[in-house]
Trainee: 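Below is one structure. I have some questions about it.
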Amino acid sequence: MKRICVFTGSRAEYGILKPLIDKINEHSDLSLSLLVSGMHLSPEFGLTYRDIERDGVVINEKVEMLLSSDSPVGITKAIGLGMISYCEAIQRLCPDILLVLGDRFEAFSFATAGYVSRVPIAHLHGGEATFGLIDEGFRHCITKMSHLHFTSTETYRQKVIQMGECPESVFCVGALGIDAIRAMKFMAKDELEKDLEIRFKEHNLLVTFHPVTLEHDSSEKHFKTLLEALMMLQDTMILFTKTNADNDGRIINKMIDEFAASNPSVSAAFSSLGQHRYMSLMKYVDAVVGNSSSGIIEAPSFNIGTVNIGDRQLGRVKAESIIDCEPSLEGISKAFLKLYSEDFIRAVAEVTNPYDSGGAVLKIVEALANCDLGKLGMKRFYDVIFNVKKKEGQ
């Protein structure tokens, strides 16, 4: 039995990981332990560890590391506190492999503790690019500390190899979120209305806007511009989900609360929808608006548009349903015009999702079950240039 320790630090991350967690639990050759941390344990972000418990998933370790601050100093201190606490939890759990998804600072802190503890790391969604975020650096650091890599597209697989990772350890499996969509029984429209205490209108938008963490003091200005553009729309219900624990996230959350309070007939705000309600909403809205990765990775599978604002997701592989725009009133307004144009509506109905390779969960579970732990300890740098010349006989 290989002992697999899965890390989750946010509601969105857990929703993506849930089908994989279930399959690891079911597999006869794998044993699951779950380490829950970050926003899951924060009242400000909805204490979403309770959603995990309601799912019947056993939480083996709860690790507090977030501070009540979204400043650079606060986040840096949280990273340090996480490393101390994660290392102790890893020692207690004695896992054979640590599994971590993505690029957030909580994941980086966990991976660093695991690397120092000399436990092999399996990394999901490496090789991707988000040029506007500090997460860009965290993601690549996690890649270099990891021993197994599960990428969402072949383009990203090649980028991980380009970073010196051995091709035999890099698997293109597609995006886990697509498996979650396929397995999900969506809530009915009237059920969502009752549960969320909303009323859908002729047009409906799901808005998720996060700070662009490599920009200074842009969050308030850009989000204010988005709110101005949204208020120009007619007969539209605007459904906001709040930010993660990023630099300046509290600024955006405060503006969301104020807007929703002032415009209750056309908007609603939620600290945490959870994966089931969030994905169910995607089924009934016209588009995902903002700068969330869900608009890039999952939304195309619902054949809806995405209005992707600014540089937060700059560098990602994108479907034809993604409308990129500048964070200006003119740019966002033009994006909405395109979103509701007949040509775009026809095109988005036929869009192909580049992240849909099919069966990501099963591919990951089988790779974990079949990997040779004895060969995962020492990492070697794979020299792409040397190996190309070798193949060409130079």
Trainee: Work out which heavy atom in Gly295 is nearest to a heavy atom in Ile322; give both atom names and the distance.
Mentor: O-CD1, 3.2 Å
Trainee: Compare every heavy atom of Glu13 with every heavy atom of Thr8, then report the nearest pair and how far apart it is.
Mentor: CA-OE1, 2.8 Å
Trainee: Between atom CE of Met237 and atom CG of Leu205, what is the distance when rounded to the nearest 0.5 Å?
Mentor: 11.0 Å
Trainee: Please answer whether the main-chain N or O of Lys221 pairs with a side-chain N or O of Thr225 as donor and acceptor at a distance below 3.5 Å.
Mentor: yes
Trainee: What closest approach, in Å, do Ser272 and Thr48 show between heavy atoms, and which atom pair accounts for it?
Mentor: OG-CG2, 3.3 Å
Trainee: Starting from Met163 and following side-chain heavy-atom contacts under 4.5 Å between hydrophobic residues (I, L, V, M, F, W, Y), which residues can be reached?
Mentor: none
Trainee: Within the supplied structure, the quantity of interest is the number of heavy atoms (other residues, nucleotides, ligands) at a distance under 6.0 Å from Glu326 CD; does it exceed 12?
Mentor: no
Trainee: More than 12 foreign heavy atoms under 6.0 Å from NZ of Lys144: is that the case here?
Mentor: yes
Trainee: Counting only heavy atoms not in Gln158 (residues, nucleotides, ligands), do more than 12 fall under 6.0 Å from its CD?
Mentor: yes
Trainee: Counting distance only, does the side-chain N/O of Ser341 pair as donor-acceptor with the main-chain N or O of Lys338 below 3.5 Å?
Mentor: yes
Trainee: Salt bridge or not between Glu26 and Lys23? Use side-chain N to carboxylate O under 4.0 Å.
Mentor: yes
Trainee: Can you list the steps and then say if Leu230 with Thr236 is a side-chain contact (heavy atoms from CB on, under 4.5 Å)?
Mentor: CA-CA 9 Å; Leu230 289 168; Thr236 301; over 6 Å; no
Trainee: Under 4.5 Å between side-chain heavy atoms, chaining through other members, with only Ile, Leu, Val, Met, Phe, Trp and Tyr counted: pull out the rest of the cluster around Val58, sorted by chain and number.
Mentor: none
Trainee: Calculate, to the nearest 0.5 Å, the distance between atoms CZ and CD belonging to Phe270 and Glu197 respectively.
Mentor: 8.5 Å
Trainee: Only counting residues at least two apart or in another chain, list the ones meeting ring-ring contact (aromatic ring centres under 6.0 Å, His included) with His203.
Mentor: Tyr340
Trainee: Who pairs with Asp103 by salt bridge (Lys or Arg N to Asp or Glu O under 4.0 Å), at least two apart in sequence or on another chain?
Mentor: Arg139
Trainee: Between Lys18 and Asp22, is the closest basic N to carboxylate O distance under 4.0 Å?
Mentor: yes
Trainee: What are the two closest heavy atoms between Glu154 and Cys172, and how far apart are they?
Mentor: N-SG, 3.4 Å
Trainee: Before giving the answer on side chain to side chain donor-acceptor pair (under 3.5 Å), spell out for Thr243 and His210 the whole-Å C-alpha distance, their side-chain angles and the decisive distance to 0.1 Å.
Mentor: CA-CA 5 Å; Thr243 70; His210 299 290; 5.0 Å; no
Trainee: For Tyr284 versus Lys189, what's the shortest heavy-atom pair and its separation?
Mentor: OH-N, 3.5 Å
Trainee: Out of curiosity, does Leu124 fall in the hydrophobic cluster containing Val119 (side-chain heavy atoms, cut-off under 4.5 Å, transitive links)?
Mentor: no
Trainee: Return the CD1 to CD1 distance between Ile16 and Ile181, rounded to the nearest 0.5 Å.
Mentor: 9.5 Å
Trainee: Is the shortest side-chain N to carboxylate O distance from Arg277 to Asp195 below 4.0 Å?
Mentor: yes
Trainee: Are there more than 12 heavy atoms of other residues, nucleotides or ligands under 6.0 Å from atom NZ of Lys62?
Mentor: yes
Trainee: Considering only distance and modelled atom types, tabulate donor-acceptor pairs under 3.5 Å from the side chains of residues 260-269, sequence neighbours left out.
Mentor:
residue, atom, partner, partner atom, Å
Ser262, OG, Glu258, O, 3.0
Asn263, ND2, Phe259, O, 3.0
Ser267, OG, Asn263, O, 2.7

Trainee: Assess whether side chain to side chain donor-acceptor pair (under 3.5 Å) is satisfied between Tyr382 and Ser169, documenting all intermediate values.
Mentor: CA-CA 11 Å; Tyr382 179 81; Ser169 69; over 6 Å; no
Trainee: Please tabulate, for the side chains in residues 365-374, all donor-acceptor contacts under 3.5 angstrom to protein atoms that are two or more places apart in sequence or on a different chain.
Mentor:
residue, atom, partner, partner atom, Å
Glu366, OE2, His27, NE2, 3.4
Asn370, ND2, Glu366, O, 3.0
Asp372, OD1, Gly374, N, 2.9

Trainee: Of all heavy-atom pairs between Glu106 and Phe7, which one has the smallest distance, and what is that distance?
Mentor: O-CZ, 3.7 Å
Trainee: Assigning hydrophobic clusters by single linkage (Ile, Leu, Val, Met, Phe, Trp, Tyr; side-chain heavy-atom cutoff under 4.5 Å), is Leu227 placed with Leu206?
Mentor: no
Trainee: With a 4.0 Å cut-off, would you call Lys224 and Glu220 a salt bridge?
Mentor: no
Trainee: Under a 4.5 Å side-chain heavy-atom rule over Ile, Leu, Val, Met, Phe, Trp and Tyr, are Phe45 and Met255 clustered together?
Mentor: no
Trainee: At what distance, to the nearest 0.5 angstrom, does OG of Ser37 lie from CG of Leu66?
Mentor: 7.0 Å
Trainee: How far apart are the C-alpha atoms of Tyr278 and Thr241, what are their side-chain angles, what is the distance that settles it, and do they pass the side chain to side chain donor-acceptor pair (under 3.5 Å) test?
Mentor: CA-CA 9 Å; Tyr278 188 82; Thr241 62; 5.0 Å; no
Trainee: Check ring-ring contact (aromatic ring centres under 6.0 Å, His included) between Phe200 and all other residues, then give those that pass, not counting sequence neighbours.
Mentor: none
Trainee: Residues two or more places apart in sequence or in another chain: which of them pass ring-ring contact (aromatic ring centres under 6.0 Å, His included) with Phe186?
Mentor: Phe302
Trainee: With rounding to the nearest 0.5 Å, note down the distance linking CG in Leu99 to CG in Leu148.
Mentor: 9.0 Å
Trainee: Under the rule for salt bridge (Lys or Arg N to Asp or Glu O under 4.0 Å), what residues qualify as partners of Asp96, not counting sequence neighbours?
Mentor: Arg3
Trainee: Under 3.5 Å, which donor-acceptor pairs link side chains of residues 72-82 to any protein atom two or more places apart or in another chain?
Mentor:
residue, atom, partner, partner atom, Å
Thr76, OG1, Pro72, O, 2.7

Trainee: Which residue pairs pass the salt bridge (charged side-chain N to carboxylate O under 4.0 Å, His left out) test when at least one of the two sits in residues 110-134, sequence neighbours left out?
Mentor: Glu128-Arg316
Trainee: Would the distance check show the side chain of Thr112 and the main-chain N or O of Phe108 forming a donor-acceptor pair, the cut-off being under 3.5 Å?
Mentor: yes
Trainee: If hydrophobic clusters are built by linking Ile, Leu, Val, Met, Phe, Trp and Tyr wherever their side-chain heavy atoms come under 4.5 Å apart, do Ile238 and Ile332 end up in the same one?
Mentor: yes
Trainee: Does this structure show an ion pair linking Asp51 with Arg54, if we count only N-O contacts that are shorter than 4.0 Å?
Mentor: yes
Trainee: Distance check, rounded to the nearest 0.5 Å: Ser293 atom OG versus Asn291 atom CG?
Mentor: 9.5 Å
Trainee: Return the set of residues passing ring-ring contact (aromatic ring centres under 6.0 Å, His included) with Tyr156 (not counting sequence neighbours), or none when no residue passes.
Mentor: none
